[in-house]
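Structure record follows, encoded as structure tokens.
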Amino acid sequence: MKDIENWDWQVGVKTLADLVKIRAQFKRVDEFVVGFDGEKIAAPVVSDDGSFTTCVNGKVWPEQFELLWYLRFGPNGKLIALVRIDDQWTLAIDGVPGEERYEYAWNPRFSENGETIGYLYKRENMYGVAVDGKPWDNSFAAIRDFCISPDGKQSAATVQVESLKEADVFGFFKGVWSVAVNGKQWDKKFINAWNPIFSSDSNSVAAEIRTDICEYSVAVNAGGWPEKFGCVWAPVFRPQSRKVVAPVRDDGAWTLAEDGKLIWSKHYNMLWSPRFSHDGLRIAAVVSPKFGRWTIAVDDDPWPVIFSNMVLEPIFSPDSKRVAAIVKENNRWTIAVDGVVWSENFEMIWNPVFSPDSKHIAAKAERDGKFYIVCNNKIVGPAYEGLWEPVFSPDGKNVLLKYLKNGKYYRQVVLVNEIIC
């Protein structure tokens, strides 16, 4: 999160908006969103004449739109929304619509440094990426996934570079998909391509590719791994390097490969969502060691506990020593940490958050229509009408809570010692 050191970390409570009054002002109020620093709460609202705008802390944008959706705060604090004007779509930033208009626009994303915003668009039946409101010089017959480089200076997408007639299977298997970087396509085509991703230095792009009917691999800067596999999932770059790691299907089961070579010895029924530790030395992934059962493997060592419903992507602690994940068993959600399952379970739970010293874990959870902060496997504080995920201060001494109570929105900073059990 950008500029977190400069947030207001003074212990205390702020009342920032009366949601009951906001709802009474408009014909319709959609879902509220809250900024990372908790200082603003906003929602799309519909006036009596049917026009859309946004209400931020009780004040509305002066601009009115035909439609407005996907309202989000960015890590830089700016509030974005996709808006329709004269039957054309664009991205509005803090209420100001972009000059470029499109038949359709979707999936806006911020760069890792929070400085750049990109989104996908359709114009004259062709597709591309707009970065900070400016469309690529080239557009394509179709587009799928896209990403923004960590430094915000580049964008990449998987694109269909040739049109196909209906049922042209032979043309399809000649390969019409590739990757475009800043609108310029690679000089190689594939049967399919998915999940492009930049390296941490923003200089390389990798993507999952399909090279034959049943052959898959990974391409890096248009050069494919020589090794082919039965299937491949989304690749990731090893931090601070150009080495690429991806789940691969080898000999009828799944394992991990780096630059085409297997790096895990165990094989699993399924393996996905590999994640590196912060120091880049460890890898954790969701694995299925038994049919229909799931767990987390860290450096190819599965947890002893397995789950029948679901396991979500692993999250490393800041010191890279601990791993937590959301898990679901008997249709109840909870958190597992280093293979130990919390005893409290819920109808829903959100991503766990580690404290800066890696000692404490907090999460937002829902039970019986109320929301709670859960810390180290214990519910702390009261039940809330609405709640957003907690944030630890950079020094680890305080926690920021953002919640709804009696129809009002509050931002509260509390001492960590007050919620640690």
Side-chain angles (χ1 to χ4, degrees), residues 236 247 254-256 264-368 370-381 383 387 389-392 396-397 399 401 414-421:
V236 293
W254 287 83
T255 187
L256 269 186
W264 279 12
S265 60
K266 295 186 179 71
H267 285 57
Y268 304 92
N269 292 313
M270 183 52 71
L271 185 157
W272 55 35
S273 299
R275 296 290 184 271
F276 278 95
S277 58
H278 296 276
D279 61 12
L281 300 178
R282 308 180 73 195
I283 310 174
V286 180
V287 299
S288 171
K290 296 181 180 179
F291 182 76
R293 307 285 281 175
W294 301 87
T295 191
I296 295 290
V298 183
D299 296 331
D300 205 11
D301 185 13
W303 285 350
V305 60
I306 57 177
F307 306 91
S308 59
N309 290 145
M310 189 172 290
V311 174
L312 300 188
E313 65 182 51
I315 297 172
F316 273 98
S317 59
D319 65 3
S320 302
K321 295 179 179 178
R322 307 179 73 191
V323 177
I326 295 174
V327 299
K328 188 179 184 183
E329 181 74 8
N330 297 323
N331 291 319
R332 302 288 291 180
W333 294 91
T334 189
I335 301 291
V337 185
D338 299 330
V340 178
V341 186
W342 283 3
S343 57
E344 294 281 357
N345 57 64
F346 303 90
E347 291 151 13
M348 183 62 72
I349 197 162
W350 280 255
N351 273 342
V353 180
F354 280 95
S355 60
D357 62 5
S358 304
K359 293 180 179 177
H360 309 297
I361 303 174
K364 164 191 171 184
E366 181 182 7
R367 180 186 289 170
D368 298 328
K370 296 291 185 181
F371 297 89
Y372 300 88
I373 293 293
V374 191
C375 186
N376 299 341
N377 191 24
K378 292 187 178 180
I379 294 175
V380 295
L387 183 68
E389 291 168 88
V391 182
F392 286 95
K397 296 179 180 178
V399 176
L401 305 179
V414 299
L415 293 170
V416 166
N417 290 337
E418 292 182 3
I419 68 166
I420 299 302
C421 302

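Bear in mind that the values here come from a model prediction, so they are computed numbers and not experimental data. The analysis underlying the following values was restricted to heavy atoms, covering all of them including side chains, and did not include hydrogens, waters or symmetry mates.
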Is a side-chain N or O of Glu329 found less than 3.5 angstrom from the main chain of Ser308, in a donor-acceptor match? yes
Do you know the tightest heavy-atom contact between Ala285 and Trp272? CB-O, 3.6 Å
If you measure from CD1 on Ile283 to CZ on Phe316, what distance do you get to the nearest 0.5 Å? 8.5 Å
Please tell me if the side chains of Glu347 and Asp368 come closer than 4.5 Å, counting only heavy atoms from C-beta onward. yes
Would you say that Val380 contacts Val374 through its side chain, given a criterion of any heavy-atom pair below 4.5 Å between the two side chains? no
Are any non-hydrogen side-chain atoms of Trp333 and Asn309 less than 4.5 angstrom apart? no
Any side-chain heavy-atom pair of Val353 and Ile361 under 4.5 Å: no
Apply side chain to side chain contact (heavy atoms under 4.5 Å, CB included) to the pair Leu312 and Met310, showing each step before the final yes or no. CA-CA 7 Å; Leu312 300 188; Met310 189 172 290; 3.6 Å; yes
Is Phe346 close to Ile379 at the side-chain level, that is, under 4.5 Å between some pair of heavy atoms? yes
Report the C-alpha distance between Val327 and Ile335 in whole Å, list the side-chain angles of each, state the deciding distance to 0.1 Å, and finish with yes or no for side chain to side chain contact (heavy atoms under 4.5 Å, CB included). CA-CA 6 Å; Val327 299; Ile335 301 291; over 6 Å; no
Side-chain contact, heavy-atom cut-off 4.5 Å: Pro356 with Pro318? no
So, for Asp319 and Lys321, which heavy atoms are closest and what is the spacing to 0.1 Å? OD1-N, 2.9 Å
Does Val298 reach the side chain of Pro314, with side-chain heavy atoms less than 4.5 Å apart? no
Which atoms form the tightest heavy-atom contact between Asn377 and Ser343, and what is the distance? OD1-N, 3.0 Å
What do the steps show when you test Val287 against Trp254 for side chain to side chain contact (heavy atoms under 4.5 Å, CB included), and what is the final call? CA-CA 9 Å; Val287 299; Trp254 287 83; over 6 Å; no
Looking only at heavy atoms, what is the nearest atom pair of Thr295 and Trp303, with distance? OG1-CB, 3.3 Å
Measure from the side-chain N and O atoms of Lys364 to the backbone N and O of Leu387, and report whether any donor-acceptor pair falls under 3.5 Å. yes
How close do Ala297 and Trp264 get, counting heavy atoms only, and between which atoms? O-CH2, 3.7 Å
Which value, rounded to the nearest 0.5 Å, describes the distance between Arg332 atom CZ and Asn330 atom CG? 10.0 Å
Just verifying a value: how many Å separate Leu281 CG and Phe276 CZ, rounded to the nearest 0.5 Å? 9.5 Å
Nearest 0.5 Å please: distance from the OG atom of Ser317 over to the NE2 atom of His360. 12.5 Å
Is Met270 close to Trp294 at the side-chain level, that is, under 4.5 Å between some pair of heavy atoms? yes
Does Lys397 NZ have over 12 foreign heavy atoms under 6.0 Å away? no
Would Asp300 and Tyr268 count as a side chain to side chain contact (heavy atoms under 4.5 Å, CB included) if you check the C-alpha gap in whole Å, the side-chain angles of each, and the deciding distance to 0.1 Å? CA-CA 10 Å; Asp300 205 11; Tyr268 304 92; 2.7 Å; yes
Separation of Lys378 NZ from Asn376 CG (nearest 0.5 Å): 9.0 Å
Please determine, by modelled atom types, if Thr334 and Glu344 share a side-chain donor-acceptor pair under 3.5 angstrom. no
Output the distance between atom CZ (Arg322) and atom CD1 (Ile315), rounded to the nearest 0.5 Å. 12.5 Å
Donor-acceptor contact present, side-chain Ser277 to main-chain Ser320, <3.5 Å: no
